[in-house]
Amino acid sequence: MATHCKEYDFRQIEPHWQTFWQENRAFRAENGSAKPKFYVLDMFPYPSGAGLHIGHPEGYTATDILARYKRACGFNVLHPIGWDAFGLPAEQHAVKTGTHPAANTQNNITNFRRQIKALGFSYDWDREVDTTDPRYFRWTQWIFLQLFKKGLAYVDERPVWWCPELRTVLANEEVIDGKSEVGGFPVERRNLRQWVLRITAYAEQLLDGLKDLDWPESTKRMQEAWIGRSEGAEVRFRLADEKLGDLAIFTTRPDTLFGCTYMVLAPEHPLVPALTSAAQKEAVEAYRRRTAAKSDVERMSESAKEKSGVFTGSYAINPVNGAKVPVWIADYVLMGYGTGAIMAVPAHDERDYEFAKQYDLPIPRVIAAADGSDTLPYVGDGTVINSPGYDGLPWPEAKKKITADLAAKGIGKGTINYKLRDWLFSRQRYWGEPFPIVWVSEADYRRAAAVRRDLPAQPVTFVENGVTQYALPLPDQALPLTLPEVQSYLPSGTGESPLANVPDWLEVWLDFNTGASVPAAQPRPAGDAWVRARRETNTMPQWAGSCWYYLRYLDPQNASALADPAALHYWGVPDLYVGGAEHAVLHLLYARFWHKVLFDLGIVPQAEPFRRLFHQGIILGEDGVKMSKSRGNVVNPDDIIQSYGTDSLRLYLMFLGPLEAMKPWNPKGIEGVHRFLHKVWRECLGEDGQPNPKVSDTVADAPELLKLLHETIKKAGEDIEALRYNTSISQMMIFINAVQKAPQVSRGTLLTFLQVLAPFAPHLAEELWARLGGAGSVGHHPWPQYDPARLQNAMVKIVFQVNGKHRGDQLVPADITQEAAFEIARTHERVAPHLLGKSVQRMIFVPKKILNIVVS
RNA sequence: GCCCGGGUGGUGGAAUGGCAGACACGCCGGUCUUAGAAGCCGGUGCCGAAAGGCGUGAAGGUUCGAGUCCUUUCCCGGGCACCA
C-alpha cells in the first residue's frame with residue numbers, strides 16, 4: 001500500500017495517495033445515508049487562465065481539514081467543488097482569438113482541476129458542477145422562470161453603466177470609482193432595456209434573516225447597510241399653484257417639519273418642467289443638462305466639495321404651518337431614492353445646512369440640543385421647539401405624533417425606504433445563460449395565456465417603436481435554451497449582445513405549448529400554437545450560476561429537478577461556507593434572495609442558505625503588499641508543491657496565522673513546517689525506511705508523554721471545529737518535539753498522533769500510518785477520543801505574587817489549600833524577602849494557578 | 001465624514017481578567033564533519049555585571065491582579081459615502 005522510498009520523498013508519496021483515494025473513491029458523499037450529514041462548502045472558483053492563486057488553497061485547505069476531521073468523527077461529509085465558468089475574461093479571450101469561449105473555458109477548467117487535485121483535497125469529484133454545462137444552466141434558467149412567474153422579473157429601460165471598452169452594461173456593483181471592476185476601463189451612462197429582478201420585494205426578509213446567521217459581524221453589517229432600511233414618513237406638500245397638484249417627499253424626520261424652509265427635487269424629477277417658471281426656465285434647463293452630462297463620479301466628487309442647485313420659481317405650502325417655501329432643484333437629491341424630492345430642514349441636516357448657507361436660505365431651529373449647545377446644524381438628541389402643538393416633546397415622540405397627525409389629515413403616512421435597488425440582471429454578452437424568453441405580439445400572448453399556466457399575473461412588456469412586445473417564457477420542457485454558434489463574439493456595439501447577430505436563432509416560429517422552434521425564414525409549421533417570436537438577446541450575469549450551485553451539489557446529475565427533494569431534505573444547506581470577504585454583499589445577498597424565493601415556492605426547506613459563514617484572510621506577498629504580477633511577489637502553488645510538497649503547503653498556509661487574518665507569505669516559514677514533517681517522518685521511520693527502532697510495542701509511554709498526547713487530541717479537535725488551525729499545528733509541534741526527546745515511544749501513541757495529523761497533512765499521515773502497520777486508510781479510522789483523566793496532573797506549578805507582582809513559583813500538589821500554599825510562599829527564598837517586615841492585608845488564592853499576597 | 005477590524009520581540013504570531021511573548025522564522029554559541037548541508041544541544045523582549053527594573057501604539061480609569069474590561073486619543077487596514 002505504501003511507497004518504498006527511504007526518505008520523505010513527497011514527490012512520490014503525494015501522487016501515490018492521491019491515486020489511492022481516487023481509485024477507492026474515498027471521499028464519496030452518500031445520498032440517503034443513515035449517518036449524520038455534514039456539508040462543508042467552498043466558494044467555487046472562476047477558472048481563469050492564470051491558474052490557481054495562493055488564496056484558493058488557503059480557503060480550500062481550511063475546509064478540507066474540517067471535512068477530513070468530520071469524516072473521521074463519523075459524519076457523512078459532502079465536500080464538493082465546481083466551476084463558476086461563465087464570465088467576461090473567457091468572452092474577451094474569444095473576441096481576441098475567435099475561438100469559442102467554451103473551448104477556452106474547458107482548458108482552464110482542466111488546468112484548475114489538475115492543480116486542485118495536486119493539492120490533495122478530499123472533494124467528491126462525482127459531484128463536480130460547471131455553470132456553463134447546459135445540464136446545469138437548464139436549472140439556472142428554470143429558477144429564472146420561477147422568478148418570472150412570480151412577478152419578480154421585469155424589463156425596464158433605465159440608465160445603466162455602459163462600458164465602451166467592454167461594450168457591455170455593468171451592474172452598479174461592478175463599477176468601482178467610475179471604472180469597470182474588470183479591467184478598470186471608464187464607464188458612462190446609457191439608457192437600455194434591461195431585465196431587472198425585484199430583490200427589493202425581499203428587502204425586509206433579507207434584513208430580518210441576518211439576525212440568526214452565524215456570520216462575521218462585519219459582513220452582516222455590510223449587508224444591513226447595503227439594504228439600508230430607514231423609517232420615516234411620506235408627506236404631501238400642496239404647491240402654491242394649485243393646478244400643479246401635490247409634491248410628495250420622504251423624510252426620516254417628520255418631527256422637524258416646522259423647520260422646513262425650502263424643498264429640493266432631483267434634477268431628473270418629472271415634475272420639474274411643470275414647476276419651472278418662465279423666468280427660471282433657462283437656468284433650470286441648463287442645470288438639468290449639466291447634471292445629465294456628468295457621470296455619477298463627477299457628480300459625486302464635485303458636489304462633495306460644494307453644493308449646487310437652481311430655484312424653479314415655484315413654491316410649496318408647508319402643511320403644518322402654511323408657510324410658503326421655495327422649490328429648488330439640486331443634484332444632491334437623488335431620483336432613485338424615496339420620491340426623488342425632499343423637504344429641506346437646514347438647521348438639522350448637514351447637507352441642507354450647507355445648501356442653505358450657500359444660497360442664503362433661512363435656518364430656523366426646531367430641536368433644542370440635549371446638551372444645551374446652540375451650534376447648527378444639530379442632528380443629535382433633543383426636544384422639539386418652535387413647533388406649536390409639539391413643543392417640549394423629545395423628538396422621537398414628536399416624530400410619531402406628527403406622523404400620526406399627518407396620516408389623520410390624509411396628507412402623509414409612515415413609510416419605510418430601502419437603499420437597496422432592484423437587481424440589474426441582464427448583460428449584453430455572449431458567454432452567459434440565455435434568457436428562456438421570447439418576445440411576441442399582444443394577440444399571440446393572449447392566445448398563449450389561454451393555455452399556459454406558467455405566466456405571471458401581470459404580463460411583462462416593453463414598447464419598441466410604438467409597438468408593445470410581450471415576454472413569453474419558454475415552457476420547462478424546452479429547457480435548456482443553449483447558446484447558438486456565432487460568427488463573431490464581438491458585441492454588436494449598439495447595446496445588444498452578439499446573439500442579435502444570429503438571425504436563425506433570433507427570429508423564429510415558436511410553438512408556445514412545447515417551446516419547439518424553427519427559424520422564421522422557414523415556412524410557419526402547421527398548428528395553432530405556432531407564433532412569430534423574437535428571442536431575448538441578453539444573457540444572465542455571472543452571479544446567476546453561483547446563486548444556487550450549493551443546491552446542485554446535493555444531486556448533480558438529476559435531469560428532472562434541480563435536486564431531488566429527498567436530497568434537499570437530507571443535506572439541507574451547507575453547515576459551513578468559506579470564501580473571501582470580497583463577496584460580503586453581492587454574491588451572498590443574491591444567493592440569499594434566490595434561496596428565499598425557492599423557500600417560498602416550497603422547493604427548499606430552509607429560509608437561509610448559509611447558516612455559518614467564514615472569510616479566509618488575504619495572503620500578501622513577501623513584501624507585505626497584495627500579490628500582483630506587476631510587483632513580482634506572486635507565489636505559485638505549483639512551484640511550492642514541487643519544492644516542498646502539498647502537505648507542507650497546506651500546513652504552512654494554516655500555520656501562517658489566524659485563518660481570517662491578512663498575513664504576508666514568508667518563504668522561510670514554509671521551511672519550518674517542512675522541517676516539522678521531516679521530523680515526524682524521522683520519529684516514525686529509520687534511515688532504511690523501516691519503523692524507527694525507538695518505536696516499541698512493549699514499552700509504556702511516560703505519563704507526561706501520554707498527557708501531552710491527550711492534550712493534543714483535545715486541542716486539535718477543538719481548534720479544528722473553531723477553524724483555529726494555527727494553534728492546533730503548534731500543539732502538534734510541541735508533541736513531536738516531546739517524542740523526539742523520549743528514548744522510546746509506543747506504536748499506538750504514534751498511530752494516534754498520525755490520525756490527528758491526517759486532516760492537515762493527509763499524504764504523509766497515510767504513508768506513515770501504513771508503514772507503522774496501521775490498517776487501511778488513516779482517514780477511515782474513528783477520530784481518537786481523549787481521556788480527561790489523563791489531562792490531570794497531581795502536581796501543578798503555583799505562582800506566588802506579592803502585591804500583584806510575580807515573585808516566585810513552586811510545584812505543589814494540585815489540591816493544596818491556601819494555608820499550605822502560603823506556608824510555602826513565606827519560606828520561599830525569592831518570595832520571603834518581599835514579605836519581610838510587612839503585614840499581610842489579604843490573600844487571593846486561585847487553586848492551581850496563583851497565590852497573591854497583598855501586604856502593606 | 002460614517003461603520004467595522006486591528007496595533008504584542010528583529011519577523012509571523014500565542015495568551016477562559018491570573019507567569020506576556022507558546023509555536024515557528026531569523027540570529028548567536030556549541031556538537032557532528034576534512035569542509036559544508038542536514039540533524040542534534042543550548043541561548044535569544046529591552047536596560048543591567050548582578051540584584052533588580054521596564055515592557056502589549058499613547059494617556060487615564062476599574063481591579064488584589066489588565067495585552068484582555070471602561071474612557072479619551074493616535075496610527076494602520078477594510079467597507080460605505082449626498083439614501084433625506
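Below, each value reflects all heavy atoms present in this structure, side chains not excepted, and no hydrogens, waters or symmetry copies. Within every chain, numbering begins at 1; the chains are lettered A, B, ... in the order of the sequence lines, protein sequences first and strands thereafter.
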So [X], base contact, sugar-phosphate only, or nothing? Heavy-atom distance under 4.0 Å.
{"X": "A:Gly672", "value": "sugar-phosphate"}
{"X": "A:Ile844", "value": "base"}
{"X": "A:Asp352", "value": "nothing"}
{"X": "A:Lys668", "value": "sugar-phosphate"}
{"X": "A:Arg830", "value": "sugar-phosphate"}

In terms of side-chain heavy atoms of [X], which of [options] is nearest?
{"X": "A:Asp349", "options": "B:G18, B:A84, B:G26", "value": "B:A84"}
{"X": "A:Gln740", "options": "B:A84, B:C40, B:C25", "value": "B:C40"}
{"X": "A:Arg807", "options": "B:G18, B:G53, B:C40", "value": "B:G53"}
{"X": "A:Ser730", "options": "B:C23, B:A84, B:C19", "value": "B:C23"}
{"X": "A:Arg675", "options": "B:C19, B:C25, B:C23", "value": "B:C25"}
{"X": "A:Asn852", "options": "B:C64, B:A24, B:C4", "value": "B:C64"}
{"X": "A:Ser230", "options": "B:G39, B:C19, B:A84", "value": "B:A84"}
{"X": "A:Arg221", "options": "B:C19, B:A84, B:C4", "value": "B:C4"}

Check: Is the centre of the A:His348 ring less than 6.0 Å from the centre of the A:Tyr353 ring?
Finding: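 No - the distance between ring centres of A:His348 and A:Tyr353 does not fall below the 6.0 Å cut-off.
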[N] versus [M] - spacing of their [atom1] atoms, nearest Å:
{"N": "B:G10", "M": "B:U56", "atom1": "P", "result": "13 Å"}
{"N": "B:U11", "M": "B:A51", "atom1": "C1'", "result": "32 Å"}
{"N": "B:G13", "M": "B:G61", "atom1": "P", "result": "32 Å"}
{"N": "B:C19", "M": "B:G65", "atom1": "P", "result": "15 Å"}
{"N": "B:C46", "M": "B:G9", "atom1": "C1'", "result": "9 Å"}
{"N": "B:U72", "M": "B:C4", "atom1": "P", "result": "13 Å"}
{"N": "B:U8", "M": "B:U63", "atom1": "P", "result": "29 Å"}
{"N": "B:U68", "M": "B:A59", "atom1": "P", "result": "13 Å"}

Check: Any donor-acceptor pair under 3.5 Å between the side chain of A:Lys797 and the base of B:C19?
Finding: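 Side chain to base: pair present.
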Check: Would you call the rings of A:Phe760 and A:Tyr725 parallel, tilted or perpendicular if under 30° counts as parallel and over 60° as perpendicular?
Finding: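 Ring orientation, 0 to 90° scale: perpendicular.
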Note to self: Ring-plane angle category for A:Tyr262 and A:Phe355, please: parallel below 30°, perpendicular beyond 60°, tilted otherwise.
What the structure shows: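 Geometry flag for A:Phe355 against A:Tyr262: parallel rings.
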According to the Watson-Crick and G-U wobble definitions, with both distances under 3.5 Å, which nucleotide is paired to [N]?
{"N": "B:C2", "answer": "B:G79"}
{"N": "B:C23", "answer": "B:G12"}
{"N": "B:G52", "answer": "B:C47"}
{"N": "B:G39", "answer": "B:U31"}
{"N": "B:A58", "answer": "B:U72"}

Is the distance from OP1 or OP2 of [N] to the nearest side-chain N or O of [X] less than 4.0 Å?
{"X": "A:Lys805", "N": "B:C54", "value": "yes"}
{"X": "A:Tyr332", "N": "B:A84", "value": "no"}
{"X": "A:Arg842", "N": "B:G65", "value": "no"}

What is the separation between atom [atom1] on [X] and atom [atom2] on [N], rounded to the nearest whole Å?
{"X": "A:Asp255", "N": "B:A84", "atom1": "CG", "atom2": "P", "answer": "14 Å"}
{"X": "A:Lys741", "N": "B:G39", "atom1": "NZ", "atom2": "P", "answer": "14 Å"}
{"X": "A:Glu224", "N": "B:C4", "atom1": "CD", "atom2": "C1'", "answer": "12 Å"}
{"X": "A:Ile736", "N": "B:A24", "atom1": "CD1", "atom2": "P", "answer": "12 Å"}
{"X": "A:Trp226", "N": "B:C80", "atom1": "CH2", "atom2": "P", "answer": "7 Å"}
{"X": "A:Glu671", "N": "B:C27", "atom1": "CD", "atom2": "P", "answer": "11 Å"}
{"X": "A:Lys679", "N": "B:G39", "atom1": "NZ", "atom2": "P", "answer": "8 Å"}
{"X": "A:Leu586", "N": "B:C80", "atom1": "CG", "atom2": "C1'", "answer": "13 Å"}

Next item on the list: Check A:Leu257 against A:Asn318 and note the closest heavy-atom contact, atom names and distance.
Entry: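 The answer is O-ND2, 2.9 Å.
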So, the side chain of [X] versus the backbone of [Y]: is there a donor-acceptor pair under 3.5 Å, distance only?
{"X": "A:Thr291", "Y": "A:Pro267", "value": "no"}
{"X": "A:Tyr644", "Y": "A:Asp647", "value": "no"}
{"X": "A:Asn692", "Y": "A:Arg682", "value": "yes"}
{"X": "A:Thr712", "Y": "A:Met732", "value": "no"}

Item checked: Along RNA chain B (nearest heavy atom to each residue), the more 5'-positioned of A:Glu350 and A:Ala225 ->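 First, find each residue's nearest nucleotide; the 5'-ward one identifies A:Glu350.
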Notebook entry, point to check: How do A:Val585 and A:Phe250 order along RNA chain B: which one's closest nucleotide is nearer the 5' end?
Noted result: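 Comparing both residues, the 5'-ward one is A:Val585.
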Grab the N/O contacts between the protein and nucleotides 10-15 of chain B below 3.5 Å, and write none if there aren't any.
unit_1, atom_1, unit_2, atom_2, d
B:G12, O2', A:Leu656, O, 2.7
B:A14, OP1, A:Asn726, ND2, 2.9

Note to self: Is B:G7 syn or anti, taking syn as a glycosidic angle within 90° of 0?
What the structure shows: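 You should classify B:G7 as anti.
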Next item on the list: Assess whether atom CD of A:Glu7 is packed by more than 12 heavy atoms of other residues, nucleotides or ligands within 6.0 Å.
Entry: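 At most 12 heavy atoms, drawn from other residues, nucleotides or ligands, come within 6.0 Å of this atom.
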Notebook entry, point to check: Can you name the residues that form a salt bridge (Lys or Arg N to Asp or Glu O under 4.0 Å) with A:Asp352, not counting sequence neighbours?
Noted result: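 Once residues adjacent in sequence are excluded, A:Asp352 has no partner under the salt bridge (Lys or Arg N to Asp or Glu O under 4.0 Å) criterion.
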Next item on the list: Could you give me the CA-CA distance, side-chain angles and deciding distance for A:Phe614 and A:Trp215, then say whether ring-ring contact (aromatic ring centres under 6.0 Å, His included) is met?
Entry: CA-CA 7 Å; A:Phe614 197 95; A:Trp215 282 23; over 10 Å; no
